[in-house]
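Sequence lines set the chain letters: A, B, ... in the order given, protein chains first and strands last, and positions in each chain run from 1.
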There are 2 protein chains.
Amino acid sequence: MNIHSTKKSPTQADLGSKRELIIHATIKLISEYGFHGTPISMIAQEAGVGAGTIYRYFKDKDSLVLDIFKQVNCAFKETLLHGYDANQPIRDRFLHLCRGIFQYGIQNPYEFKFIEQFYNSPYGTTLRREKLFCNCGDTGQDLPLEQVFAAGQAQQVIKELPQAALIALAIGPIVFLVKDSIAGLIQLDKTTINNTLAACWDAIQQETGTNRQPVITPSSPSIEEKP
Amino acid sequence: MNIHSTKKSPTQADLGSKRELIIHATIKLISEYGFHGTPISMIAQEAGVGAGTIYRYFKDKDSLVLDIFKQVNCAFKETLLHGYDANQPIRDRFLHLCRGIFQYGIQNPYEFKFIEQFYNSPYGTTLRREKLFCNCGDTGQDLPLEQVFAAGQAQQVIKELPQAALIALAIGPIVFLVKDSIAGLIQLDKTTINNTLAACWDAIQQETGTNRQPVITPSSPSIEEKP
DNA sequence: AAAGGCGGAATGAACATTCACTCCACAAAA
DNA sequence: TTTTGTGGAGTGAATGTTCATTCCGCCTTT
């Protein structure tokens, strides 16, 4: 129910709509204030339902968030796979997936930040550690991006770095930029997005030229010990 | 105070040490559970002090966190500047700063996550938007990394991307990797770090070769509208 | 003995969750 | 067609818990 809801008989259109209202309110508020920062009462108010109603659809606050995360995360993954063709060249597949993350983040800012929050929470970290990702159809096999990296390394097209480093190089900048965009700190135009995606590719691609510079500078201090 | 603290007379060495204990406990707990997820009582217990003692050193919970953030953020910036030489080549300066972030994150995981949490909180976002960063000596001028980018662009060494995009390309992967490292999901060795830093440079450097591929694929859908 | 740092019980506000109740759509009965 | 009965969605005040903050008596220091 929004402003001036004429409160007529909620017969048909509202069938199950309360659940959606609650879900959207939860995503919006938690994406901004975090799990502990958003009381149930605030969710109820934002959704325009009674506090008790939330407990008709979700066992408790934990499972409210967990259920929503699974749903949102699956939808996100499906979005990435939309139009994805595993037979295309490595670079095209890489750009498709990365562009998808960009698009999703810009078009679904609340969902994007919600997912981010969850992944960085103790719960999300535990989940990742246990490799118990959302079982939305996939059988626990590698994510498409990881397949792209593996195939690219086999073709000598992608650098010989650990998967985690490649993922960081690909996704890190995107997450960073999208967050700044959502926060209203920057305005992303299409050119910037395309050039940034190209730069992400430059980061992971295996160079063929011979003028590579060394990285290890003799003066750089050891990273092992505290000063 | 850790386990079995012999609780002898806290005469001399503890002068003002309560404050340090509180600060360390706060950083540790908030870096893991977030602001709203860590009660004062938990901080007091972790620090081994009474809850009331915290209010002898800090006005309330808000300023506890804000004061600590300012302190930690300044120390972090100073660490980055340690050994920094503005007369060195662009690439060396870039690598110095990025390596510094890596080192700091690995050596100070709690502080690193604490800073990250703060920057991503509504408070931190507001601060960034108002460009009211910690005034720890600097007169509000550009951060060193931004100077490096500006100078690099003037020398045609660094890509013509918005500052925000360059920062994302440089820092995004590092933050991403360090978080995974702190979470215990990966083990970072020196080679991986060096190669990842080199890859970050590849992302932002202006290429001289002519075999650059275009990015805009004709089939890529528009990013403006929802489907 | 006086002063003040300190711990932790005391306090009131805010929270998650429950529950007794209302309301309405529909169906059976009349 | 009208009346009555029923089940389940919806509600928000009530409940017990947890929180931030205060306060007071103890205990160290001087």
Q. Between the side chains of A/Gln71 and A/Asp67, is a donor N or O closer than 3.5 angstrom to an acceptor N or O?
A. no

Q | A/Glu32/A/Lys113 ion pair, N-O < 4.0 Å | A | no

Q: Summarise protein proximity over nucleotides 11-17 of chain C in one line of letters, 5' to 3': B for base, S for sugar-phosphate only, - for none, counting protein heavy atoms closer than 4.0 Å.
A: ----SSB

Q: Check whether any side-chain nitrogen or oxygen of A/Tyr57 sits under 4.0 Å from OP1 or OP2 of D/dA9, and answer yes or no.
A: no

**Q.** Under 4.0 angstrom between A/Arg56 side-chain N/O and D/dA9 OP1 or OP2
**A.**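 A/Arg56 to D/dA9 OP1/OP2: side-chain N or O found under 4.0 Å.
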
Measure [atom1]/[X] against [atom2]/[N] and give the value in whole Å, please.
X       : N      : atom1 : atom2 : result
B/Lys18 : C/dC6  : NZ    : P     : 6 Å
B/Ile43 : D/dC19 : CD1   : P     : 11 Å
B/Gln45 : D/dC19 : CD    : P     : 11 Å

Q) Which residues pass the ring pair (Phe, Tyr, Trp, His ring centres under 6.0 Å) test with B/Tyr55, sequence neighbours left out? A) none

Q) What residues form a side-chain hydrogen bond (donor to acceptor under 3.5 Å, both in side chains) with A/Asp62, not counting sequence neighbours? A) none

Q. Relative to the ring of A/Phe69, is the ring of A/Phe118 parallel (under 30°), tilted (30 to 60°) or perpendicular (over 60°)?
A.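 Because their plane-to-plane angle is under 30°, the rings of A/Phe118 and A/Phe69 count as parallel.
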
(Q) Test your reading of the model: is there a side-chain donor-acceptor pair from B/Ser181 to the backbone of B/Leu177, 3.5 Å cut-off? (A) no

